[in-house]
Colleague: 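Following this message is one structure expressed as structure tokens.
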Number of protein chains: 2
Amino acid sequence: MPEGVTPKGARGRILNAALHQFASQGYGGTSVRDICAEAKVQVTTLYSHFPSKEHVLAEVIRLGNEEHFRLLRDALLESDPEPRKQLRNLVRAHVLSHCEFSMLAVVASSEMHSLSEELATPIIAIRSQSQSLLAEVFKRGIRLGLFDVPDIELACRAIGGMGLRVAFWYEPNCGKSPDEVADSYAEFALRIAGVDRSD
Amino acid sequence: MPEGVTPKGARGRILNAALHQFASQGYGGTSVRDICAEAKVQVTTLYSHFPSKEHVLAEVIRLGNEEHFRLLRDALLESDPEPRKQLRNLVRAHVLSHCEFSMLAVVASSEMHSLSEELATPIIAIRSQSQSLLAEVFKRGIRLGLFDVPDIELACRAIGGMGLRVAFWYEPNCGKSPDEVADSYAEFALRIAGVDRSD
DNA sequence: GTCTATAGATAGATAGAC
DNA sequence: GTCTATCTATCTATAGAC
């Protein structure tokens with residue numbers, strides 16, 4: 001869990017434990033008792049913080065998506081407004097966040113189907129915001145004649161998807177640093193965008 | 001399930017039902033009773049075909065990975081041996097299979113963690129074979145001076161990952177045909193490979 | 001907030017007749 | 001292979017004392 005995002009005390013320990021368990025065993029394969037054992041709290045304590053196991057999952061995913069969105073937004077805010085630089089910085093932030101918080105990404109992308117519509121809706125809204133950041137960069141890049149893609153939606157899905165998958169294979173001792181992966185993927189994204197290589 | 005892959009009779013109905021349930025509810029969220037109800041068999045019938053629920057999952061994933069490998073291999077066998085054409089045909093087959101058999105891909109990629117090491121090992125072996133097909137094409141393309149990538153492993157992971165994610169969003173009425181998606185992704189892959197655009 | 005105890009439902013898997 | 005019936009374990013969630 002990102003620093004400063006997890007609440008202090010029992011609630012934070014519960015969310016961290018749930019994150020670990022959901023990432024390695026899945027939502028359905030994790031029991032409330034498993035979470036409580038790792039978090040070193042009683043079952044009743046969990047139910048004093050969350051109305052149900054499903055609400056624990058929803059909170060984990062929501063925190064993850066909000067942090068992810070913040071990182072993308074900050075990357076854009078701090079970027080030179082030139083679309084190629086924006087794309088590069090956005091993809092770098094996307095990949096770095098999936099290296100560093102890979103468990104969050106795994107849970108957020110694998111366990112959405114375990115949420116009821118009521119709990120899923122606000123999370124889907126956050127995710128849409130993140131996706132539109134990339135789409136807007138692409139629209140500007142094309143309007144300014146810097147990008148060349150046949151289909152913006154497919155290009156965004158391809159770039160988003162390849163970055164998302166990083167969370168499923170990256171580990172600190174895999175021989176590559178997050179920075180190396182992020183740089184390579186940013187280069188791939190620029191190539192997908194069809195930027196002129198002679199620049 | 002691909003035609004001709006699913007066994008006839010009760011066993012085939014069980015595997016198809018399990019595929020549906022695992023894809024929409026996850027392995028842990030699906031009960032043996034759920035599978036049997038959809039397959040219209042008794043619980044005892046399932047246990048006469050499979051030693052456990054986990055073995056049902058393993059068989060679903062194994063069939064999916066074997067079919068996926070076959071499709072990739074056939075695409076290469078039938079391809080002009082020129083590396084750029086090989087890459088294009090391989091990525092097209094990869095994407096088409098993830099459009100057509102998206103449930104299989106979703107289950108195979110989301111539920112591996114539910115398998116014990118014993119049941120996971122043979123499946124991982126098949127997956128490695130599929131991955132090496134792409135890696136070999138890349139090695140040839142670079143040796144012949146046609147591709148230009150900083151890191152083969154990352155390029156393969158990026159291309160494989162963006163194609164895999166297609167299974168999670170593609171649906172027949174999404175406004176794009178599998179062929180359109182496959183063509184665009186093949187173009188993205190060629191761009192990632194750094195092929196000379198002047199050809 | 002934290003404990004013991006437990007309700008009530010459902011899970012995976014099996015026995016044994018046919 | 002198919003049925004009814006059931007075992008045993010575990011699940012989510014709660015009651016009520018402190």
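Protein chains get the first letters and strands the later ones, always in sequence-line order, with residue 1 at the start of each.
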Colleague: Kindly give the heavy-atom pair with the smallest separation between A/L87 and A/V137, and that separation in Å.
Modeller: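 Smallest heavy-atom distance, with atoms named: N-CG1, 3.9 Å.
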Colleague: First contact, last contact: which nucleotides of DNA chain C are these for chain B, 5' to 3', heavy-atom distance under 4.0 Å?
Modeller: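 Answer, 5' to 3': C/dA11 to C/dA15.
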Colleague: Given B/M103, which partner from the list B/V60, B/L19, B/N16 fulfils the side chain to side chain contact (heavy atoms under 4.5 Å, CB included) test?
Modeller: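 Among B/V60, B/L19, B/N16, the one meeting side chain to side chain contact (heavy atoms under 4.5 Å, CB included) with B/M103 is B/L19.
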Colleague: Here's one to test your reading of the geometry: is the NZ or CZ of A/R191 within 45 degrees of the ring axis of A/F188 and under 6.0 Å from its centre?
Modeller: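 No, A/R191 does not lie over the aromatic ring of A/F188.
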Colleague: Tell me whether A/I159 shares a hydrophobic cluster with A/L96, the cluster being built from Ile, Leu, Val, Met, Phe, Trp, Tyr side chains joined at under 4.5 Å.
Modeller: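 Each belongs to a different hydrophobic cluster.
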Colleague: Parallel, tilted or perpendicular for B/H68 and B/H94, by the 30°/60° rule?
Modeller: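 Because their plane-to-plane angle lies in the 30° to 60° range, the rings of B/H68 and B/H94 count as tilted.
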Colleague: Relative to B/Y170, does B/K176 satisfy both conditions: NZ or CZ under 6.0 angstrom from the six-membered ring centre, and within 45 degrees of the ring's axis?
Modeller: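 So B/K176 doesn't make the cation-pi contact.
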Colleague: How far apart are the closest heavy atoms of A/G26 and A/T30, and which atoms are they?
Modeller: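 Heavy atoms of A/G26 and A/T30 come nearest at O-OG1, 2.7 Å.
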Colleague: Would you call A/E153-A/R157 a salt bridge at under 4.0 Å N-O?
Modeller: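 Judged by the 4.0 Å cut-off on N to carboxylate O distance, A/E153 and A/R157 do form a salt bridge.
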Colleague: Hey, are A/R62 and A/E66 close enough for a salt bridge, meaning a charged N less than 4.0 Å from a carboxylate O?
Modeller: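 A/E66 and A/R62: salt-bridged.
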Colleague: Going by heavy atoms closer than 4.0 Å, what residues in residues 38-45 of chain A are next to DNA chain C?
Modeller: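 Output list: A/Q42, A/T44, A/T45.
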Colleague: What residues from residues 11-23 of chain B pass a heavy-atom cutoff of under 4.0 Å to DNA chain C?
Modeller: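 Those residues: none at all.
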Colleague: Under 4.0 Å between a Lys/Arg side-chain N and an Asp/Glu carboxylate O for A/R88 and A/E187?
Modeller: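 Salt bridge: no.
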